[in-house]
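Report on the following structure.
Being a predicted model, the structure only gives us computed values, none of them experimental. Naming convention: chains lettered A, B, ... in sequence-line order (proteins, then strands); numbering from 1 in each chain.
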Amino acid sequence: MNCNRNDFLDKFVEHMLNIKTQGESMRFTKMFIPTIKDAPKDAEVISHQMMIRAGMIRKVASGIYNFLPLGLRVLKKVENIVREEMNRAGAQEVLMPMVVPSELWQESKRWDVYGKELLRLKDRHDRDFCLGPTHEEVITDMVRRDVRSYRQLPLNLYQIQTKFRDEIRPRFGLMRGREFIMKDAYSFHASEECAEREYKNMYETYLRIFERCGLRFKAVEADTGQIGGSFSHEFMVLAETGEDAIASCNKCKYAANVEKAETKIQGQGASVKGQEKTLTKVSTPNMKSVEEVSGFLKVSPQALIKTLIYDSDKGGFAVLLRGDYEINETKLKKHADAEWVRLADDETVKKITNAPSGFAGPVGLKCGIIADYSIQNVVNGVTGANEKDAHFVNVNIDRDFKADKFADLRNVVQGDDCPRCDGKLEIMRGIEVGHIFKLGTKYSETMNAVFLDENGKEKPFIMGCYGIGIGRTAAASIEQNHDKDGIIWPMPLAPFHVHIVPVNVNDKKVMDAAENIYKDLEGAGIEILVDDRDERAGIKFKDADLIGIPIRLTIGSKNLENNMVEMKLRKEANALLVNRAEIVEKIKNFKS
RNA sequence: CGGGGCGUAGCGCAGUCUGGUAGCGCGCCUGCUUUGGGAGCAGGAUGUCGGAGGUUCGAAUCCUCUCGCCCCGACCA
């Protein structure tokens, strides 16, 4: 109304000062932190619920999220650690487009292979594009255009960028989204040795990155999956809610994703001959599963030879497995030498075994049989009789049937022997936050990305690729570090280092003290969130616990009279009183 | 993709079976009191009942279609 020029200027200056506080430290009243008591019912896992409740993220569509200021700060913390360590390791940051022309994907043959996860779109000229789920094609193209000589190698280029994978079933919030931020690095080499050296370099770099993030994690051997290549490691954050099972030796350093984990080959030729009983068919009405059959016949599941009928690009075949073990399709695919394998549908089972599914067995079966090593020990076993409601008992290998091939086809279980030493394997769960691959020449060959070596000979680049899920790392940290009240951030990922809670903002002494401490800490390079809201103490404490900043300073009038301030670590139950003069020093110690 | 479930106020839910003026708790706004662990009292605002079509005098409720979201499933041998 009577807003004259000077008022306007004052307001402008005030506004600019407020903006300035949006740097390292913040006032709660100025920051957009919409915390909520009840998480929406669609949030299933802890990290998802807590990020929503703490006002860090909001869902926009299935598997697609907004990052609010607090969430973004955490994301940036992870990014910066990754960036610093990648740079330190000699990699260089680039930025590639999110929208990629189909030509590149057609060239690598992945346009047809990658499937529905690849979100395809057309531009106004009806040309095909996709949203990049990963960038091997783009980087290979980028490098082949301008790198001609071995003298320009090696190169390690990375970006931190948004990826899109149209997941079948996005879930668990940031843990399995469709749109997500990833650091992906690609290295190019003139020789195998150089590529392997870089793989080790990245392995070490990843160890440093996740250590700096304050995570408990494990590097495990992994299957190379869809990206392809010769060998790879995954970096798993250990958490009950992890989507992956990993096997880890209790004695040596061996650790592997269960998809890939091996055990000592048992029982080759160890079957006890001479006690073989007569093969007998028994009636097992409606007994299909291992539990049903073993319960009905009163034998242990170990005595069963589970017969699974598989379909593949090479046709149908049978897989034999001891009753108490699980099939590992990754291993099966490899040993069956197939492009794809799939459990056969009822119709195919019927065609191959002449019986409804649930009664398949190797005796008299007229298809290829591939058997897990585990059945070599089974004497007088139980199998389906390839006939409805019937099983054979006293089935013996060699006498009653033969397998075309023995192989390691099962998932390892708790207590299996370590393949490397005399230790035992433990099974634990993990969240995959990083994955490194030695790619070899898979992409450089198909995309004709070549350089001239010192002999003037044309050779394809030898490549490696190295990914880290940025958002997933933040989510994994929460899965690993939380209690019933909220998040417990490790210092390096925390959105702020210190959370100042003035108990009563209307008490001038309290607020003055809070302001002074705020300024002192800020001057010492510490990031602070000060809860200057005119709210009851209880509400502020609840929000502080939920948001999970590692150090909380509670400023109340009574303690202030003794020149003391309460300091509480989020991860500990009890608070301690600190003299005002010592606060900065104390906190500096905790921070490092 | 198959199976199941859910869409009602910002969030959590009731109401749907059996059609008859849209509710509860939390949150939000105003005022007073309160003020170290999600306060009390009083007053107040807020809904295309996911969307479209149909049945009916009348639809959140019944029917058809559609969209969105969530969960389970590739271990039945």
Side-chain angles (χ1 to χ4, degrees), chain A residues 34-45 48-49 52-53 55 58-64 115-116 168-173 284 286-294 301 304-311 318-330 332-333 340-346 348-350 352-353 355-362 365 382-391 409-411 484-486 501-507 510 531 533-546 552-560 565-566 568 573 575:
Chain A
T35 59
I36 45 177
K37 271 200 215 173
D38 301 314
K41 61 175 178 186
D42 57 6
E44 192 69 8
V45 293
H48 190 195
Q49 291 171 1
I52 287 177
R53 293 222 292 131
R58 288 290 184 266
K59 186 166 74 177
V60 176
S62 179
I64 298 173
K116 288 188 179 160
I168 312 170
R169 187 140 89 85
R171 55 185 138 177
F172 307 146
T284 50
N286 241 341
M287 300 292 154
K288 295 181 176 186
S289 69
V290 167
E291 299 80 54
E292 287 165 355
V293 173
S294 68
L304 266 66
I305 297 175
K306 187 151 76 170
T307 307
L308 300 102
I309 306 299
Y310 266 86
D311 208 358
V319 179
L320 306 185
L321 201 64
R322 210 173 78 184
D324 57 328
Y325 288 135
E326 289 179 1
I327 184 78
N328 178 318
E329 292 192 351
T330 308
L332 178 62
K333 199 169 102 178
W340 55 267
V341 295
R342 188 172 52 215
L343 213 51
D345 53 28
D346 289 356
T348 314
V349 171
K350 182 122 200 181
I352 290 176
T353 68
S357 66
F359 301 99
L365 198 62
V382 177
T383 73
N386 297 322
E387 184 182 318
K388 185 168 163 42
D389 297 339
H391 278 74
L409 300 175
R410 69 174 177 92
N411 281 339
K484 66 172 175 34
D485 295 315
V501 180
V503 169
N504 182 356
V505 296
N506 298 316
D507 183 327
V510 167
D531 193 344
R533 293 177 299 171
D534 185 7
E535 289 286 0
R536 302 171 65 81
I539 290 180
K540 295 192 187 187
F541 290 145
K542 287 288 179 191
D543 274 346
D545 287 345
L546 179 59
R552 188 182 83 196
L553 291 179
T554 308
I555 299 171
S557 51
K558 280 183 201 125
N559 286 325
L560 220 47
V565 164
E566 180 189 294
K568 183 181 171 299

Report which part of the nucleic acid [X] touches: base, sugar-phosphate, or nothing (heavy-atom distance under 4.0 Å, all strands).
X	value
A:T383	nothing
A:A39	sugar-phosphate
A:L308	base
A:V290	sugar-phosphate
A:G556	base
A:N328	nothing
A:K59	sugar-phosphate

d([atom1], [X]; [atom2], [N]) in whole Å:
X	N	atom1	atom2	result
A:L321	B:C76	CG	C1'	14 Å
A:Y325	B:A77	OH	P	17 Å
A:D543	B:C26	CG	C1'	14 Å
A:I52	B:G12	CD1	P	10 Å
A:D534	B:C28	CG	C1'	16 Å
A:L304	B:C76	CG	P	15 Å
A:E535	B:G36	CD	P	14 Å
A:D545	B:G38	CG	P	12 Å

Out of [options], which nucleotide sits closest to the side chain of [X]?
X	options	value
A:E44	B:A77, B:C71, B:C69	B:C71
A:A537	B:C71, B:A77, B:G36	B:G36
A:S289	B:A77, B:G38, B:G12	B:A77

Can you tell me the base-pairing partner of [N]? Count Watson-Crick or G-U wobble geometry only, both distances below 3.5 Å, and say none if there is no partner.
N	answer
B:A52	B:U64
B:C24	B:G12
B:A45	none

| message | Taking 4.0 Å as the cut-off, does a side-chain nitrogen or oxygen of A:R536 come that near to OP1 or OP2 on B:A39? | response | yes
| query | Is the base of B:G37 touched by the side chain of A:R552 through a donor-acceptor pair closer than 3.5 angstrom? | reply | yes
| task | Would you kindly check whether a donor in the side chain of A:E566 faces an acceptor in the base of B:G36, or vice versa, at under 3.5 angstrom? | result | yes
Quick one: which protein N/O atoms are closer than 3.5 Å to N/O atoms of nucleotides 1-10 of chain B? Pair and distance per line, please.
unit_1, atom_1, unit_2, atom_2, d
B:C6, O2', A:K41, NZ, 2.7

| request: Write down the atom of A:F359, the atom of A:K388, and the distance for their closest heavy-atom approach. | output: CD1-CA, 4.2 Å
